[in-house]
Amino acid sequence: MLDTLNSPQREAVKYLDGPLLVLAGAGSGKTRVITQKIVYLIEKCGYLPKEIAAITFTNKAAREMQERVGKMLESKSTKGLTIATFHSLGLQMLRQEAALLGYKPQFSILDSSDSFKILADVLATTDKQLLRKTQWQISSWKNAFINPDQAKQLADEELTHAAAKVYQIYQQTLKAYQAVDFDDLIKLPVELFEQHPEALAKWQRKLKYLLIDEYQDTNACQYKLVKMLTGIEGRFTAVGDDDQAIYGWRGADVENLRQLTEDFSRLKVIKLEQNYRSTVRILRAANQVIANNPKLFEKKLWSDLGTGDLIQVSAARDEEHEAEAVVMKLMAHKFEHRTKHLDYAILYRGNYQARVIEQQLRNHKVPYTVSGGQSFFDKAEIKDLVSYLRLIANEDDDPAFIRAATTPKKGIGNTTLERLGEYASLHKISLFAAAFEGEFQRELGNRQLEDLLNFCQYINKIQERAERDPAGEVLTDLLNTIQYEVFLYDSEEPRAAETKWKNVLDFTGWLTKKGEGDDANEERNLLQLTQMISLMSMLEGRENGEPDAVKLSTLHAAKGLEFGHVFLIGVEEGILPHRESVEADKLKPGKIEEERRLMYVGITRAQKSLNISWCKKRKRAGETEICEPSRFLAELPQDDVRHFGGPAADPATSKEHGKERMAQIRAMLGNQNKG
DNA sequence: CACTCCGGGATTTTT
DNA sequence: TCCCGGAGTG
């Protein structure tokens with residue numbers, strides 16, 4: 001089984017004497033190491049599947065890993081094996097230990113638009129900018145494991161102090177709703193384990209071995225959780241690549257990699273440097289660019305896949321010309337090499353950059369898919385339905401109550417809700433509970449009261465059914481009762497209504513299937529299903545329409561993917577590196593390095609050919625702006641590059657800049673080591 | 001006073 | 001593309 005691995009990979013799989021960090025370069029087979037190690041632990045080392053947890057960041061990664069392990073373990077069961085995202089593992093723990101934190105096990109999970117609305121209430125404002133900022137601030141605090149009290153103490157300016165107060169009220173509100181937000185799914189388990197060592201001991205006993213994917217993306221809170229679960233013996237394998245850390249801006253801290261060496265003095269480090277993806281030239285480019293960043297661990301990718309084509313760097317007049325040139329080149333290349341559309345990717349820094357490209361692709365009838373887009377759960381029709389489910393599971397979930405009570409309209413209007421809200425907050429109870437209070441009922445007109453009670457009583461009725469009857473039946477009853485299909489056709493264009501209704505049916509169909517236990521697990525009723533849906537990935541990864549299409553993607557969203565031929569566009573100062581990062585780097589160095597890693601991620605997506613382009617001019621804020629080629633272009637190995645149309649940056653200038661920066665970095669590292 | 005329509009502008013995203 | 005803000009209309 002292990003003979004298909006190269007020697008460091010094999011070593012990584014077999015190493016069990018202590019904590020292990022696998023530094024896996026791009027395309028070096030890190031997923032293979034994780035999946036093989038899971039199989040090895042079960043088949044060769046006598047671990048039970050339920051004693052192992054593999055943790056990823058995205059549902060997609062978890063699903064892929066699940067599939068691969070499933071195939072390899074055919075004979076033996078994978079029952080009980082945990083392959084989950086940080087968030088769903090956190091959820092699992094919270095559901096089981098909810099009582100210890102004063103939550104009921106059916107607590108709700110709020111999405112970011114719910115929490116946005118709560119903040120709008122707390123701050124009594126509609127200023128979206130301020131709300132977004134506050135939301136971001138609170139999220140950052142949670143990711144750094146900072147409580148409202150600590151946040152208040154830390155706040156150095158008035159604005160942050162105000163935000164800390166909002167944070168506190170926000171947190172109290174969530175508790176009252178018996179709800180948690182996404183960040184809480186990681187933060188609360190850590191709190192739980194700090195306050196209840198016996199609960200921690202229980203989970204440490206249960207999970208005997210941990211494997212963590214994309215370790216460089218962990219934030220402080222996630223690292224804390226890992227450290228707690230693996231205990232002092234450090235029974236874990238962390239796999240990551242510091243050169244691909246591109247999520248610093250959302251709390252991921254590469255520092256966690258260094259911290260690992262400090263926290264676990266016995267930490268073993270294995271590097272995977274053989275790349276199975278790209279040509280020598282592409283790897284030379286990647287290595288040389290990233291060599292400009294300070295390194296904690298030296299790492300150099302190599303491959304035996306041949307020298308390959310020269311890397312092309314083209315200058316375009318402006319973004320329109322660039323788009324045209326890229327699409328032309330792509331089409332010619334495809335014709336010449338008899339490749340498929342899906343062998344090509346066009347990568348860029350910001351979503352909006354896709355616009356011109358899309359235009360060109362449409363003009364030339366080239367099929368394409370754009371990465372990202374809103375998730376299934378963000379669709380209004382799904383949120384409507386989910387709000388009913390959330391309310392059924394947890395009648396204290398006020399955001400769900402408001403949405404369900406008002407969509408479709410059922411005679412419960414704003415005034416009723418306002419009065420209900422006033423009464424509820426005065427008496428510190430949920431909206432649902434308030435509706436049944438005699439004192440409140442006397443305040444309300446007969447008509448309004450009747451409609452309100454109809455709704456609440458129906459929820460009560462369906463709550464009982466949800467526990468007993470099959471999920472499918474209950475859902476059908478629900479949709480019939482609220483007349484959701486009629487509602488859609490009343491409020492939408494027929495076309496839109498049709499797709500929305502189809503989405504609803506897709507969703508319920510899929511939910512019911514889950515309820516019947518498609519992986520031969522025990523049957524689940526609607527309540528149990530409801531408790532997991534907000535974290536389930538569905539229809540995700542299923543690209544709509546054309547399976548053979550050119551991929552358009554941001555550099556961030558392209559991490560983990562590979563393509564035969566890659567076009568990297570808009571490689572200019574101000575875009576890559578992004579203007580904001582350049583500015584931020586002046587105050588607090590480090591941002592440019594993250595931009596460089598972004599460039600590195602882009603380069604290493606390519607297997608056979610790499611085309612880089614930049615614009616000499618670009619429209620911005622109504623004016624035409626003169627653009628400089630990105631400093632990263634000068635960092636490429638010029639022997640492997642062929643330039644088209646105009647000079648790139650003067651290598652000498654950029655070299656000077658690089659040297660200067662390296663000196664700074666060395667000084668910085670030196671200080672760190674001393675301190 | 002509120003709603004709609006149009007034009008301009010844009011980091012990066014998951015759960 | 002999507003979102004926001006300003007102008008123009010009922």
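Just so it is clear: chains get the letters A, B, ... in the order the sequence lines come, proteins before strands, and each one is counted from 1. If you're wondering where the values come from, they're calculated on a predicted model, not measured in any experiment.
One interatomic measurement links the two molecules: CD1 of A:Ile55 to P of B:dT15, which rounds to 15 Å at whole-angstrom precision. When the P atom of B:dA10 is taken as reference, atom CD of A:Glu625 falls 10 Å away, rounded to whole Å. Computed from coordinates, the A:Ile575 CD1 to B:dG9 P distance equals 15 Å when rounded to whole Å. At whole-Å resolution of the value, CG in A:Leu598 and C1' in B:dT13 are 12 Å apart. Taking atom CZ of A:Arg355 as the reference point, atom P of B:dT11 lies 16 Å away to the nearest angstrom. A:Arg579 places its CZ atom 12 Å from the C1' atom of B:dG9, with the value rounded to the nearest Å. Atom C1' of nucleotide C:dT1 and atom CG of A:Asn351 are separated by 8 Å, given to the nearest angstrom. Note: CG (A:Asp213) to C1' (B:dT14) measures 14 Å, nearest angstrom.
Among the atoms of the strands shown, base atoms are found under 4.0 Å from some heavy atom of A:Tyr352.
Nearest nucleotide to the A:Lys128 side chain, out of B:dT11, C:dC4, B:dT12: C:dC4. The nucleotide whose nearest atom lies closest to any side-chain atom of A:His578 is, among B:dT11, B:dT13, B:dT15, B:dT11. Minimum atom distance to the side chain of A:Arg132 is reached by C:dC4, of the listed B:dT13, C:dC4, B:dT15. Comparing B:dT15, B:dT11, C:dC4 by their nearest atom to the side chain of A:Glu580 picks out B:dT11. Closest approach to the A:Arg349 side chain among B:dT15, B:dT12, B:dT13 is made by B:dT12 (side chain taken as heavy atoms from C-beta onward). When the nucleotides C:dT1, B:dT13, B:dT15 are ranked by their closest atom to the side chain of A:Thr554, B:dT13 comes out on top. Of the candidates C:dC4, B:dT15, B:dT12, the closest approach to any side-chain atom of A:Thr85 belongs to B:dT15.
Taking the centre and axis of the six-membered ring of A:Tyr103, the NZ or CZ atom of A:Lys175 falls inside the cone set by 45° and 6.0 Å. For A:Arg250 and A:Tyr247, the positive end sits near the middle of the six-membered ring, less than 6.0 Å away and at most 45° from its axis.
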As a quick check of understanding, evaluate side-chain contact (heavy atoms from CB on, under 4.5 Å) for A:Arg605 and A:Glu562, giving each step before the final call.
CA-CA 5 Å; A:Arg605 297 312 94 196; A:Glu562 58 183 14; 5.6 Å; no

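Using atom C1' as the reference point in both C:dG6 and B:dT11, the two lie 25 Å apart (nearest Å).
Panel note: side chain A:His556, backbone A:Ile246; a donor-acceptor pair is recorded below 3.5 Å. Under the 3.5 Å distance criterion, the side-chain polar atoms of A:Glu322 are matched with a main-chain donor or acceptor of A:Gly570.
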